Every structure is written in C-alpha cells, then in structure tokens.
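Okay, so here's the structure we're looking at.
Everything quoted here is computed from the prediction, not taken from an experiment. All ligand and atom numbering here is 1-based and tracks the order in the structure.
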Amino acid sequence: MFTIAKTEASRGLWPVLKDSLREPEAGMVMVDVIAAGICGTDYHIYSWDAWSAGRVRTPMTIGHEFVGRISAIGAGVTGFSIGDRVSAECHIACGTCRFCRTGNAHICEKTSIIGVDRPGAFAEQVEVPASNLWHVPEGIPDAHAALFDPVGNAMHMVASAKVTAKDVLIVGGGPIGLFAAAIAKAHGARTVALQEPNQARAAIARSLDLDLVVSPRDPDSTDKILELTRGQGPEVVLEVSGNAAAINAALDLAAPGAVFALLGIPSGPVALDLGAKVVMKGVSLLGITGRRMYETWYQVEAFMLKNPALMGKVITHILPATDFARGFELMDEGACGKIVLDFASLKGRLPQ
Ligand code: NAD
Ligand code: ZN
C-alpha cells in the first residue's frame, strides 16, 4: 500500500510502499482511507522543527485528519460494520486517568496521537481503536468529513469562548482561524473580525462575508477594529496565529473583561505584561487543545451538515495523494487554505 512517511530525520516526507496491514487487533478496526487533510502538525513534521525532532520516531507514516471506510474489524468491536464511513479522533487517550474519567480526555497526559506517535492516515489503510471512531452521516462530502479534527479544534475554541452576541476578533487566518471565523458567525457573534497578513488567506476570509478583514501591517487596523467594536475592543479574542507580537497587540486591544482563547502554538516562551494586560483588565485567558470527546464531534457534525458552502470556501485544494509534495510546497508559500489529499483515487493504480 501507498504511504507518506518520515523516513529520515531531516526536512521532507517520502512516499513508501508497504505491505497491506494485517488483521486488526482486539478493539481495533482497519479503515481504508478515502481522504486526509494536511494539518499544521504534518507541516511541522515535514519541516522537522525542534518539536517534531524531539517527538517523532522515524520511520513514521504521518497524517491524522481523515475519512475512510471500515475494511476489517478486530475481536470485541461492536456498533461498527465493514463498509461504514468513519472519521476518528486522533488523540488516543488512556481512558483511566483522572482527566479521562472526568470528561476531560482532551488533556489526558498519556495521549498517543495517530500519525505522530503511531502509524497515521497518509496511507491506504490505517488501524484505529474502535472507541475513537465517528460515524459520518451521508450528507457530509468526503473532503469535508476528512476535516472533523481541525474543524473540531476551531469548534472547541469558539464554543469555549462563548461568542454569541459578542464582538469577536480572530488573530490568524490559517485553516483553523478561517474555520473559527465561519463557526463564530454561525454561533451568532455580533461581529467577526479577522486579522491576517497573508493576502491569499485574507481573500479566503473575505469570501466568508465577515464584518472586517484586516492586515496587521495596515497602520489603520487598530482603528478599524475599535470602530467595529464600539470603541471598546473585542470582547472575545481567538488567537490562532501563535505569533508573539500578535498575541501582545491583541491583548492590548481586547476589551476589559474579554475572553482571550489561545489555540496557536508559539515557537517558544512569550513575554506578556500580565499585570497591565490581563490582571488589571480582568481578562480571562483560555488554553485550547484538541477537541472535547465527544461533545465537540456532535457540534462539528451539525456545523458541517448545515454549512457545506462555508466548508467548501476554506478547502482550496484537493490533490491526488501522490502529489503530496505539491501540497507541502503550497503551505510553504502560504498560497492555500485547507489542503485535502485524495487517497481513494489510488485504488488499482499502485502496486498493493
Ligand atoms: P497556520 O500556520 O496555517 O496559520 C497561522 C496563520 O497566522 C497564518 O496564516 C499566518 O499568516 C498568520 N499570522 C502570522 N502572523 C500574524 C499576525 N501578526 N497577525 C495575524 N495573523 C498572523 O496554522 P493553522 O493550521 O491554521 O493552525 C493555527 C495554529 O494552531 C498553529 O500555531 C498550530 O500549530 C496551532 N494548532 C494548535 C492545536 C491545538 O490543539 N492547540 C491544534 C492544531 C494546530
Ligand atoms: Zn487519560
């Protein structure tokens, strides 16, 4: 089978032909992958930054956002049949720790991640625990269904920050920020502004019909956001850039009492004037990781069923899986929204 793997501890990813997988173990299912999204995490592993060099053991098949059909079922699995179309939560939590047992499996410290710590979904087949599967309803197209995971990140952030009737600023218009903007609108935000320096991505944000799209390089961007937010600044900030300067500027701009949700991962420690910008302003900082299992999944399913046009605007490229290198080049250039790899078209075209 065709896989996309990290075979060397250096920048890049390589196509690898592997034997088809054996029968799944007890509690596991085999999924024939139809489509898989390229995530920022995959890009980190492709670039071989300090985080991935410290975490990923080569050789490793990567990829964790996917949809596919069940092709084999291990002993003891109930509720799933061969042929079912499924996606899966990529965080495999331990299920027994205090966090898992109190409904907070997204912060389980023993989490193993598909495509990071164990073989991933950039492959014709992936083996996953049945407990992590999600049945995808017929009304959701494959390219959208592959994206439960990143749309779930955005959903978890928007739902945690409670945006209804609020002036919302999204900092960073990468795929997750763009999904967050679409979701914030759907959740009844009073206004949604998005800040993004990359013009290609700002253009995608404009196509979502937001109230304001600004570049941090525009000297009038602060005035434009203040004007939109009745002179007070945003009541909710959704930080999805990971950029230290942007985090500081948005904390300055946030209204007193604002909720400031952080999902973007800075490349290192960030210096903040906590006294002036957080304590004295009564700002609530929220760290956002993963997706709530499985509350977020219900929310994402409802969003995808209701908003196929918004989903379609953020997905800018669907590439044959064999053209994965082009996908990573597009991400290098920032000339894309979300990129999805098509694995279904491989069937019968490559040696098995
Ligand atoms: P991305 O890198 O594609 O998007 C980040 C965007 O921020 C880019 O479009 C970039 O141009 C923009 N940006 C840079 N400087 C900016 C500035 N000063 N102001 C506004 N925007 C600026 O990444 P993504 O896939 O959309 O993910 C967003 C972030 O979330 C990344 O940092 C990623 O590592 C992180 N992430 C976190 C989780 C989690 O569970 N917490 C999960 C997935 C991704
Ligand atoms: Zn746990």
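Within 4.0 Å of ligand 1, protein heavy atoms come from His44, Asn153, Val171, Gly172, Gly173, Gly174, Pro175, Ile176, Gln195, Glu196, Pro197, Arg201, Pro216, Val240, Ser241, Asn243, Ala246, Leu263, Gly264, Ile265, Ile288, Thr289, Gly290.
Looking only at distances, no side-chain donor or acceptor of Glu138 sits under 3.5 Å from a matching main-chain atom of Ile140. Of the possible donor and acceptor atoms, none in the side chain of Ser47 sits under 3.5 Å from a partner among the backbone N and O of Asp49. With hydrogens and angles disregarded, no donor-acceptor distance shorter than 3.5 Å links the side chain of Arg69 to the backbone of Ile82. Put simply, the side chain of Lys162 never gets that close to the backbone of Lys166: no donor and acceptor are under 3.5 Å apart.
More than 12 heavy atoms of other shown residues, nucleotides or ligands fall within 6.0 angstrom of atom CD in Glu8.
Applying side-chain contact (heavy atoms from CB on, under 4.5 Å) to Arg291 and the options Val151, Thr296, Val300 leaves one that passes, Thr296.
Sorted by first then second residue, the salt bridge (charged side-chain N to carboxylate O under 4.0 Å, His left out) pairs that include residues 246-265, not counting sequence neighbours, are Asp252-Lys277.
Ring-centre distance between Tyr298 and Trp134: below the 6.0 Å cut-off.
Contacts of Thr316 classified as side chain to side chain donor-acceptor pair (under 3.5 Å), with partners at least two apart in sequence or in another chain: none.
Around the Zn ion (ligand 2), protein N, O or S atoms at a distance under 2.8 Å total 4; waters are neither shown nor counted.
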